[in-house]
Amino acid sequence: MKVLHGISLEVLPGEVVCIIGPNGAGKTTLLRTISGLNRATRGSIRFKGEEVAGLKPYQMVRRGLGHCPEGRRVFQLSIEENLITGYVPGRGKSFAELRDQVYALFPILGERRHQSAGRLSGGQQQMVAIGRALMGSPELLLLDEPSLGLAPIIIHQIFEIVLKLAESGVSIILVEQNIDLSFEVADFVYALEHGSLQCSGPAAKMAADPRIKDIYLPGLDGQDSH
Amino acid sequence: MENPARRASTPPVAATRKLWPGALAMLAVPVLLLIVGPHLPAYPLRILDMILLYAILGLGLNIIVGYAGLLDLGYVAFYAIGAYSWALLASGQFDIHLPFALVLLTGASLAGFAGILLGIPVLRLRGDYLAIVTLGFGEIIRVLMNNLDGVTNGPQGIARIDEAHLFGWTLSTPDDFLYLLVGMLVVVFLFVWRIQASALGTALSAVREDQDAARGCGINTTRVKLVAFAFSAFIGGACGVVFAAMQRFVSPESFTFWESLVIVLVIVVGGLGNPFGALLGATLLILLPELLRAYADYRLLFYGMALVIIILARPRGLIARQFGPSWLMRRLGGGKC
Amino acid sequence: MLKFDHVTKQFGELAAIDDVTFEVKPGIITAVIGPNGAGKSTLVNMAAGSYGVTSGRILVGDTELQKLPKYRIAHAGLSRTYQNIRLFDGMSVVKNLEVALVPPRVGSLIANTFGLSGRAAAEERRARCHAVLERLGLAAYAERQAGSLAYGQQKLVELARAIVAEPRVLLLDEPAAGLNHGETEQLKQHILALRAPDLAMVLIEHDMKLIMSISDTIVVMNRGRVLAQGTASEIRTNTEVQEAYLGQPGAIKDIEAAARGRRNRVRIREGEGLTWHQP
Amino acid sequence: DILIGTAGPTTNAEALFGTTWQNGMELAVRQANAAGGVQGQKLVLVRDDDGGDPKQGTLIAQKHCDNAGMLAVVANFNSGVTIPSSDIYNRCGMPQVTNASNPKVTKAGYKNLFRPIANDLSQGAAPAEYALTKLGAKKAAIVHDKQAFGQGVAEVFRTNFTKGGGTVTSFSGIAQTDVDFSALLSTIRAEQPDVVYFGGVMPAVGLFVKQARELGIKATFFAADSAFSPDFIAGAGPASEGAVVSFQAPPYDSSPALKKFAADYKAAFGEEPGPYSAYGFVEASIIIEAMKKAPAPLTRAGIVSEIAKSDFDGIVGHVSFTPEGELQKPFLFLYGVKDGKFDLVK
Amino acid sequence: MGALILQQTINALTVGSIYALIALGYTMVYGVLRLINFAHSELFTAGAFIGLALAGALGVAGHPTGGLLVGFITFVIIGLAGVSVEIVAYRPLRGTSRLAPMLSALGMAVVIQNAVMLIGGRRPLIYPSFLPSGVIDVFGAIITYKQITIFLVAVILMVALELFVNRTNLGVRIRAVAENAETASLVGINPNMAISLIFFIGPGLGAVAGILYSSFYGVATFTMGFVIGMKAFTAAILGGIGSIPGAVLGGFLLGFIETFATAWMPVLTGGLIGTEYRDIFAFSVLVLILLFRPAGLLGEHVSEETIVYKSDF
Ligand SMILES: Nc1ncnc2c1ncn2[C@@H]1O[C@H](COP(=O)(O)OP(=O)(O)OP(=O)(O)O)[C@@H](O)[C@H]1O
Ligand SMILES: Nc1ncnc2c1ncn2[C@@H]1O[C@H](COP(=O)(O)OP(=O)(O)OP(=O)(O)O)[C@@H](O)[C@H]1O
Ligand SMILES: CC(C)C[C@H](N)C(=O)O
Ligand SMILES: [Mg+2]
Ligand SMILES: [Mg+2]
């Protein structure tokens, strides 16, 4: 089945790119293609100047890609072991250093480090998934709906992390349904529909465009939740 | 305000499809078998009988493995129960000589009953734990047959079993059995077809896909599995009766673990969950070793290789789960359903 | 209609639910919110029979659910959706729904399979499923394999499966998670349309906009206990709830400010305008 | 060409027996061909693997029956396969010479079925008599492998041993595939039997005897025919010393004919003959002899009536049949292991 | 009586050690791929045959130290064979269904068994013992050095494997692959490497077990794998799938059940039920244990909400 049609997209160093689109638009498929889980039928993918289409996901990860997949997919191992799986040696920081960073971000994980991740609540699992992706000290981080199932207070935290990471030079591709915040945080936005690119542009301009508002942000001008 | 979830139902979207041309095409197979079969020399005819027998066994096992998604590695136990029913109830062993039709029913029912007996304690086990327990059950039955010398004559087996008579017709030559087996195949085929299309089939599929969610949807998974086990065992038992009538000799050697594996192979190679798959699988798995006879010492080596190659080529079986009259019509009718 | 009566759930040391008592009334939508790990899903799982109850009672009418096996709970009129989708992936969408309509008794199941009335009953089941699919706008997907649908569609199919048996109690565990604004809006309409005098609905969500606009009463959980209960406006202003869950009203502003600050500094692809790739 | 069929286990646990047995026939056929064949035609042996499986046995039987050029078969090796297959061979009038030793095999009364070897009745009886009279044994422990053959001979041994005044301390079944007998042997050791009879086949026999000696059991061991093989002595090592084995044929070095057979076999197949090779040879010879005498053109019926009239000295002994198809004078020999070799004791 | 019980205990521990050794290989592979590797028992047989051939070629038959060398080389050879089998017959089937690789493994088992038969011959081969010989008499019970060695090897291997899987980062990564190869790949683990490693260790262990087994019993036949493999697999399930200590515990338990059933069933039932009912007894105990512990003795019972696999097969 053909899911994506001739998409061209670019992410610059330290940039936060957001991909939006209705369900089934192909956002997840796009991320999976970038990280090599799905093979692109045609076209090229370049990462840090190198052609990477056809590389396996683990090869991508070792080149500095991080992917926090849709649906969490934590391992039924202890939290700490989940972090071990995500650690990629030889990318600068030591395991302990990275692990402590993750625990600092999500203290609950540190508290339960020896508990099986399979027994965490949905939102806690999401934290594990993000933490695990960070363990590879990625230069490009793909986040597939990271705020899914998280309490508002944690969502805020996630977006703060995204900002922090971007500050430190990590490029981020963010797939989100939480468009209000995404548009704030993102630099550049791609809108996808039925597997093809519909519109792209700087986030601020996107947010301001009435047509985009109509399609993606109905009721944004309405009441805020707080 | 009326609960909208209880609004009167609208008529179904899908109109009743015209299935009967496809069904008719499929009926051609047994008819063809009945016409061509008796003209075959005895050896191919006997092979054909074996193919049919294994196809029926496959159809039976498919209910458990293909529909309900439970791996049964001890199916041969039910087959053995059927076979020994005929051997004990129609031979000089106890000098009981019951009519074939009666034993066919009794043997199959006994097997079905054994299925329930086995099912009650073990059906709450999952996956491989269930598989190993069924394997154990198969072995227990075989060892019992081998040990209860006073009843089953132990390893010596029971020889000179009666010739079967069905409604005044003697079953002795391979073509006699061809008629019987084709008849059974059609009946069993319709039986499983009916299961598949019914609420029971839906329930079984749900159990296969996700038992927990199925329970959440109100399905008494244990009961449903039990029913599947019983039906499946019933068919296995019936096959056993026919096998014993064909061989007129039974011994525990015919009911080893390997036999269970062959039946599992039949349905997996043919296509899990599809009745046509069992037919094709049986054809291949019975024919293959016979065709390879010419290779003498290398026969089993090639057989193993062929198995691996077939499975690698079609990991989901030769015939897709969805294959059936409606599927056929869709294909023939140019994609419109 | 659905009543939690001093319910406790212990996972080893952890009291995931700690002496919770509240009632869900029919005809209205009760929202349950709370931080991650508060115990919301655990409540649903206990009511639906997926988890045992350590102590306390869960009642639908006079029926004590915690004593029933899981499938009987469904027969008692309770159905649910899952936080992590649990569809029957290999089956078609209608078949997924039909599962919920399988006759409860094995006897009738067998009679249905081989009896004469079977066909009519099957037609009726199909019709009911199609009607529900129609209502949720899923009719086009009826024959698709459930597992091949996109996430959002799968969530709707789960909802359809949960309502096809016409339950008395409906528990929705994060139905809007992963849906975009438009879809959430649609979902909201579907949920509102389901509201009926004899149906008790529980909605677990993190989407505050949805919760605030749809629920008649809100239960806030925290660390296995009920932290607060009330209407949307009561909850919104409850400082305890803000602290544990919603976050300070200013938090969003802070993020926005930080983002703006960064954008002003970094200015990546500033100059570009909007490109429309498709008319 | 004239076809002779055979079917036996050549790929399962009994593969060694089946293969070397069929090699014996092959040798007989080759020698007959070298001597000009039968009625001017060459003989061809059609070998099949029945896997010791009754179902396959019947399929092969049907195949052989359908083959008009096939005039006789040596089939099958196992009793459990011979019984159902003989039914089919009988229907097509196929002369069938079997190696199956279970007494039941000939019970159907088929006129086309012949068994040129001692059945299990004599195989179990002779050792019992020997143990009682020659060894003066009082107590025997009996073990068998729960197979048609093993249990059959063990039961005959038990009957004869008790009839002769001995006591049987225990009668236990094991699984044919077992390799560890330590548990059972520990129990037997406590019973302090004078003799231990093992009804079963290699390699279990070898392991059994070896482990028994390791556990310090001093009794004399008795084993049935398949132990009559160098493998038994090699496998059990010094533990085999003194063990008594019954077999339907004299040792390969006991007569010039057998010596020649063993040498020819080695030349043809590059290995020592198996325990049943001489039997395969004899069984094929019976058919060949009958074919030579039968009137031309050869028919199955013609060969059957000639086999029934067989009266010649085979390499293991004199061959002539009773009306039931059993050997007139079944021969059975007992061998003792002495200095690592089989030595005729009776 | 006391000596008899002691003797039977020793017998049970020995048989159990052998089951445990083979079960370890099953569990390794099973734990990672949830694959019943039917070919394992045949690689076990192949290991014994190759070991014998090597011993002959190196002229070290019967020497314990030579045995170490032979064991090591055989481990590597069969390990590589295992890796190849995985690449050829299982890898292409990954992600299709659970039954397909299992039956492909069955096909491979047939192939390997017949290859061993064609190359190694049908004759049971007399096996030189690589194990130290000698006996100790303890209160009337006889313990051989062979038994002690086999027991120690089983326990040491279990401990080593358990440490490897649970205490090393590589072990953790392997377990991650076990659970979900795709996700593991997404976090930077090469699933194929991990799986190959498993298919090196598992069959390699099987080969060593084959050498020990044949050394112990003094014989190797091309069919010896099937039944013992089935029992070892039963032991693995009994202990809890994927659990390394479970495999060993299951092996010992099965050894005890078999031994004590053989020894005392006829006595306890007054001869009514004889030793031939041993397997029935063993399987009945298996069923009973699983009824009370549906995930085996040491298997972790996961609640249905956290179960990873929705369907069984
Ligand atoms: N394995 C597959 N087989 C068939 N179709 C697929 C497969 N995976 C994805 N699709 C289809 O591809 C389309 C795009 O799916 P994708 O998951 O990429 O969408 P998405 O934009 O991430 O949606 P969502 O917001 O729901 O996550 C969907 O229509 C889906 O049905
Ligand atoms: N099977 C289990 N075993 C052990 N602990 C569990 C199990 N299931 C849940 N828990 C724990 O119980 C607590 C409540 O979990 P629950 O899933 O109910 O949270 P939740 O409120 O639904 O959170 P979320 O909003 O993130 O889905 C969590 O701390 C979780 O770790
Ligand atoms: C192994 C052999 C001794 C077999 C035996 N001839 C039988 O009748 O089965
Ligand atoms: Mg997606
Ligand atoms: Mg939850």
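In this text, all values refer to a predicted model and were calculated from it rather than measured experimentally. Just so it is clear: chains get the letters A, B, ... in the order the sequence lines come, proteins before strands, and each one is counted from 1.
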J.: So, for D:K210 and E:G218, which heavy atoms are closest and what is the spacing to 0.1 Å?
T.: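 Heavy atoms only, the tightest pair is NZ-CA, 3.4 Å.
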J.: Tell me, side chain or backbone of E:Y213 under 4.5 Å from chain D's heavy atoms, or both, or neither?
T.: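 When you check distances to chain D, only side chain atoms of E:Y213 fall under 4.5 Å.
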J.: Any luck finding a side-chain donor-acceptor pair between D:T11 and E:N114 under 3.5 Å?
T.: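 No donor-acceptor contact under 3.5 Å links the two side chains.
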J.: With only heavy atoms counted, which part of D:T10 is less than 4.5 Å from chain E, the side chain, the backbone, both or neither?
T.: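 Both parts, heavy atoms under 4.5 Å.
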J.: Taking all heavy atoms of E:Q7 and all of D:R189, pick out the closest pair and write down the distance.
T.: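 Taking E:Q7 first and D:R189 second, the nearest heavy atoms are OE1-NH2, 3.8 Å.
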J.: Under 4.5 Å from any heavy atom of chain D, what part of E:F226 do you find: side chain, backbone, both or neither?
T.: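 For E:F226, no heavy atom lies under 4.5 Å from chain D.
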J.: Looking at D:D178, D:L184, D:V179, D:T187, which makes the most heavy-atom pairs under 4.5 Å with chain E?
T.: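 With the most close heavy-atom pairs to chain E, the winner is D:V179.
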J.: For E:R122 and D:L16, work out which heavy atoms get closest and say how close.
T.: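 Taking every non-hydrogen atom into account, O-CB, 3.7 Å.
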J.: Checking heavy atoms, do the side chain of D:E214, its backbone, both or neither come under 4.5 Å from chain E?
T.: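 Contact with chain E involves both backbone and side-chain atoms of D:E214.
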J.: With a 4.5 angstrom heavy-atom cut-off, is it the side chain or the backbone of D:L215 that approaches chain E, or both, or neither?
T.: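 For D:L215, backbone and side chain are both near chain E.
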J.: To check you understand the geometry: which heavy-atom pair defines the closest contact between D:S186 and E:Q8, and what is its length?
T.: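 Nearest pair, atom of D:S186 first, then E:Q8: CB-NE2, 3.5 Å.
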J.: If you count heavy-atom pairs within less than 4.5 Å of chain D, which of E:K231, E:E258, E:M117, E:M224 leads?
T.: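 Of the candidates given, the most pairs with chain D belong to E:M117.
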J.: Heavy-atom cut-off 4.5 Å, strictly under: side chain, backbone, both or neither for E:R278 against chain D?
T.: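 For E:R278, side-chain heavy atoms alone lie under 4.5 Å from chain D.
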J.: Of the non-hydrogen atoms in D:D180 and E:F216, which two are nearest, and what is the gap between them?
T.: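 Closest pair (atom of D:D180, atom of E:F216, distance): OD2-CE2, 4.3 Å.
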J.: Checking heavy atoms, do the side chain of E:T259, its backbone, both or neither come under 4.5 Å from chain D?
T.: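 It is both, since atoms from each part get that close.
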J.: For D:G173, does its backbone N or O pair with a side-chain atom of E:T275 as donor and acceptor, under 3.5 Å?
T.: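 Pair found, side chain donor or acceptor close to backbone of D:G173.
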